Amino acid sequence: MKIPPPVAYPTGALTVEGWITALMASVWLLVQAVWGWHLWAASADLPASWWVALLSGAGWLLWNVWRLKVSPSGELRWSLAPVSSQAMTPAGVWIWTSPVWRRGLVLSEVHCTLDLDRLMVLHLRSSTGLGFWVWCHAAQAPSDWLAFRRVVHADRHKDLHITQPASRN
């Protein structure tokens, strides 16, 4: 198999995710308003189910807005130079850099959870067990998109992994 070339790709929250959140929140607010108006017109009191729906929807909305603000953004890099023996493959390693991990975090696994051709959701896991999700979109770096997808899918199919030899004791 041909070894994929080194590639670096920016990751982070998508504006699409924010628009989906705004759309869902708008639909939720509209349904709550119509339901509340209908119930209020029929009787003066709103039932407990309406209040539960209001509070749970508001909680979901707050959590989603917070999650969008703290979603990890950085750069995912496939490097041909091995950094550590734990994450070494014949071709190289995955390295995550971000404002938190300025020096780079060596990843033991990069798993493509969702691939929609121009959009990928990746699950990253370090050798210490730290795992997180990142969005990758073709518009973030169009010239590197195809090379990045090739490396992700080559790694996903385990074409790049080797087994560690048994220790000789």
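None of the values given here were measured: they were computed from a predicted structure. Basis for what follows: all heavy atoms, side chains included, without hydrogens, waters or symmetry-related copies.
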Does [X] reach the side chain of [Y], with side-chain heavy atoms less than 4.5 Å apart?
X    : Y    : result
L124 : V134 : yes
W145 : Q140 : no
T11  : H137 : no
L39  : W35  : yes

Working to the nearest 0.5 Å, report the span between [atom1] of [X] and [atom2] of [Y].
X    : Y    : atom1 : atom2 : result
T21  : W60  : OG1   : CH2   : 5.5 Å
L105 : S127 : CG    : OG    : 7.0 Å
Q32  : W37  : CD    : CH2   : 15.5 Å
L122 : F148 : CG    : CZ    : 5.0 Å
R118 : C136 : CZ    : SG    : 13.0 Å
E75  : I95  : CD    : CD1   : 10.0 Å

Look at the side-chain heavy atoms of Ile, Leu, Val, Met, Phe, Trp and Tyr, link any pair under 4.5 Å apart, and say whether [X] and [Y] land in one connected group.
X    : Y    : value
V31  : W40  : no
L116 : W135 : yes
L54  : V52  : no
L46  : V34  : no
W94  : L130 : yes

(Q) Taking salt bridge (Lys or Arg N to Asp or Glu O under 4.0 Å) as the definition, give me every residue that meets it alongside R67, ordered by chain and number, with sequence neighbours left out. (A) E17
Q: Output, in order, the C-alpha distance, side-chain angles, deciding distance and verdict of side chain to side chain contact (heavy atoms under 4.5 Å, CB included) for L68 and V65.
A: CA-CA 5 Å; L68 283 172; V65 168; 5.5 Å; no
Q) Between the side chain of S108 and the main-chain N/O of S126, is any donor-acceptor distance below 3.5 Å? A) yes
Q | Output field: ring centroids Y9/W78 closer than 6.0 Å | A | no
(Q) With side chain to side chain contact (heavy atoms under 4.5 Å, CB included) as the criterion, how do S98 and F132 come out once you've worked through the C-alpha distance, each side chain's angles and the decisive distance to 0.1 Å? (A) CA-CA 13 Å; S98 70; F132 52 98; over 6 Å; no
Looking at every heavy atom in both [X] and [Y], which two are closest together, and how far apart are they?
X    : Y    : answer
A53  : S56  : O-OG, 3.3 Å
C112 : M120 : SG-SD, 3.9 Å
A8   : D144 : O-OD2, 3.7 Å

Q: Begin from the C-alpha positions of D117 and R149 and carry the test side chain to side chain contact (heavy atoms under 4.5 Å, CB included) through to its verdict.
A: CA-CA 9 Å; D117 193 42; R149 286 191 76 224; 3.3 Å; yes
**Q.** L76 vs L107, side chain to side chain contact (heavy atoms under 4.5 Å, CB included): CA-CA, chis, key distance, verdict
**A.** CA-CA 10 Å; L76 185 57; L107 302 172; 3.5 Å; yes
